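Report on the following structure.
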Amino acid sequence: EEPFPTTTKSPVEGKTSVEEGPSGLPVCLLCTCLGGSVYCDDLKLNRVPPLPKDTTHFYARYNRITEISKSDFANMNKLKKIDLTANRITSIEDRTFMGLPELEEVIIRENHISQLPALPETMTLIDASHNNIGSKGIHKEAFKDMTGLLYLYLTDNDVDYIPVPLPDSLRSLHLQRNNIQMMHEDTFCNLNDFNYIRNALEDIRLDGNPINLSKTPQAYVCLPRIPIGNLI
Ligand SMILES: *[C@@H]1O[C@H](CO)[C@@H](O)[C@H](O)[C@H]1NC(C)=O
């Protein structure tokens with residue numbers, strides 16, 4: 001097999017010459033493009049490649065990406081899902097995802113971010129597990145207006161409070177192995193309205209936190225199930 005040409009000046013004879021972008025190969029030669037999905041897993045990438053404008057699903061798992069900037073996803077109006085699992089990301093420019101009208105799923109697990117970037121109200125799944133997100137790493141009321149949010153995964157971080165208010169749509173809240181030491185009795189339920197039921201939220205994980213769930217017995221009255229954690 002021929003190695004890829006390092007210069008565009010003399011294309012290999014008998015082969016179709018392909019115009020290269022500034023990053024080398026066009027993205028759909030480097031990655032696999034299928035319909036609206038672009039798969040760039042395990043390619044030793046150290047930045048997000050320029051994506052086709054009609055990309056709906058972008059996968060770049062197991063690469064060496066260290067930074068995400070707003071320009072990486074600028075004007076990607078059809079993008080629904082971004083999966084950057086297992087890279088070396090330390091920073092994401094804060095408003096990177098805010099201009100994306102269709103965005104529903106962001107998976108940035110197994111990276112090194114200390115700040116969860118702002119995310120749009122259209123989100124259904126957020127997975128930022130296995131990062132370094134601490135007390136100041138989540139915006140105030142970050143999830144409040146995400147009325148279709150189903151899954152929020154923040155396992156294995158350094159979060160020290162439950163990020164309220166949580167939307168009624170939420171089904172799963174995974175916060176195991178963080179640093180949560182307390183919660184309020186109105187974290188999940190509404191103490192002024194005992195008819196309030198939070199039907200959807202059936203999967204709360206608080207195990208591996210220094211919290212004693214027995215201290216807030218009224219906190220679970222509206223839930224279909226008691227959170228998993230220490231009842232000591
Ligand atoms: C947990 O809280 C309950 C209720 O307040 C209390 O009886 C129990 O001693 C606490 N356990 C620990 C280990 O602090």
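By convention here, the first residue in the shown sequence is residue 1. These values consider heavy atoms only, across backbone and side chains, with no hydrogens, waters or symmetry-generated copies. As the structure is a computational prediction, the values presented were derived from the model and not from experiment. Counting convention: from 1, in listed order, for ligands and their atoms alike.
- The nearest protein heavy atom to atom 11 (N) of ligand 1 is closer than 4.0 Å.
- For atom 4 (C) of ligand 1, the closest non-hydrogen atom of the protein is S214 O, 3.8 Å.
- Considering both main-chain and side-chain atoms, N212 comes within under 3.5 Å of ligand 1 through a nitrogen or oxygen pair.
- Atom 14 (O) of ligand 1 is flagged as protein-proximal [any protein heavy atom, distance under 4.0 Å].
- Side-chain contact check for T85 and E110: no donor-acceptor pair (N or O, by modelled atom type) lies under 3.5 Å.
- With hydrogens left out, the protein atom closest to atom 8 (C) of ligand 1 is I232 O, 3.5 Å, a heavy atom.
- Applying side chain to side chain donor-acceptor pair (under 3.5 Å) to R109 and the options N87, D127, N131 leaves one that passes, D127.
- Atom CD1 of I68 is separated from atom CD1 of I65 by 5.5 Å, given to the nearest 0.5 angstrom.
- By the 30° and 60° cut-offs, the orientation of the rings of H174 relative to Y153 is tilted.
- Ligand-side atoms of ligand 1 in range of K215: 2 (O), 5 (O), range being under 4.0 angstrom from any heavy atom.
- D83 and H57 form no side-chain donor-acceptor contact under 3.5 Å, judged by distance and modelled atom types alone.
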